[in-house]
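Shown next, in structure tokens, is the structure this report addresses.
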Amino acid sequence: MAETDRHLDRRLEQAIRDLLQRRAATASICPSDAAREVYEGDGDGWRALMDPARRAAWRLVEAGEVEVTKAGRPVTEAEARGPLRIRRAAPGPTDSA
């Protein structure tokens, strides 16, 4: 993977984190929000970043940071078709020691 690709991946991951941080705890974003945030040009060139934005979301799912949802329900990458949303991962169980 080229350094520019890694840099783009990191920027998209951070854009997802930043966008979610700026919204209510229960809010979600569209992968296109991250693509638009990272795109540095005019027009609709951000569309070329949609696949990389989705891949960034799945990496964050693997890290336990976010969930990808469809119709408000978490989906796996294999189930993901059509319009998707990204939200903060649900908090895991806590120790009650």
All heavy atoms of Ala27 vs all of Arg23, minimum pair found to be CB-CB, 3.6 Å

Under a 4.0 Å N-O cut-off, is there an ion pair linking Arg6 with Asp9? no

I'd like to know whether CZ of Arg22 has more than 12 heavy-atom contacts from other residues, nucleotides or ligands below 6.0 angstrom. yes

Identify the heavy atoms of Gly64 and Ala89 that sit nearest to each other, and give their distance. O-CB, 3.3 Å

Inspect the surroundings of CG in Asp42 and state if more than 12 heavy atoms from other residues, nucleotides or ligands are less than 6.0 Å away. no

The residue among Arg55, Arg85, Met50 that forms side-chain contact (heavy atoms from CB on, under 4.5 Å) with Pro31 is Met50

Closest non-hydrogen atom pair between Thr69 and Gly72, with its separation: CB-C, 4.1 Å

Output for pair (Thr26 OG1, Leu20 CG), nearest 0.5 Å, gives 11.0 Å

At their closest point, which heavy atom of Val66 faces which heavy atom of Ala57, and how far apart are they? CG2-O, 3.7 Å

Contacts of Gln21 meeting side-chain hydrogen bond (donor to acceptor under 3.5 Å, both in side chains) (sequence neighbours excluded), chain-then-number -> none

By the definition side-chain contact (heavy atoms from CB on, under 4.5 Å), identify the one residue from Ile86, Leu60, Ile16 that meets it with Glu65. Leu60

When you check the side-chain N and O atoms of Arg17 and Gln14, is any donor under 3.5 Å from an acceptor? yes

Should Leu49 and Leu8 count as side-chain neighbours, where that means a heavy-atom distance under 4.5 Å? yes

Taken to the nearest 0.5 Å, the spacing of Glu37 CD from Ser32 OG works out to 11.5 Å

What about Leu12 and Leu19, same hydrophobic cluster or not, with Ile/Leu/Val/Met/Phe/Trp/Tyr joined at side-chain heavy-atom distances under 4.5 Å? no

For residues Glu67 and Ser28, determine if any side-chain heavy atom of one lies less than 4.5 Å from a side-chain heavy atom of the other. no

Of all heavy-atom pairs linking Trp46 and Ala35, the shortest is O-CB, 3.6 Å

Hey, are Glu79 and Lys70 close enough for a salt bridge, meaning a charged N less than 4.0 Å from a carboxylate O? no

Does the Arg88 side chain pair with the main chain of Ala24, one donor and one acceptor, at a distance under 3.5 Å? yes

To check you understand the geometry: which heavy-atom pair defines the closest contact between Ala15 and Val38, and what is its length? CB-CG2, 3.7 Å

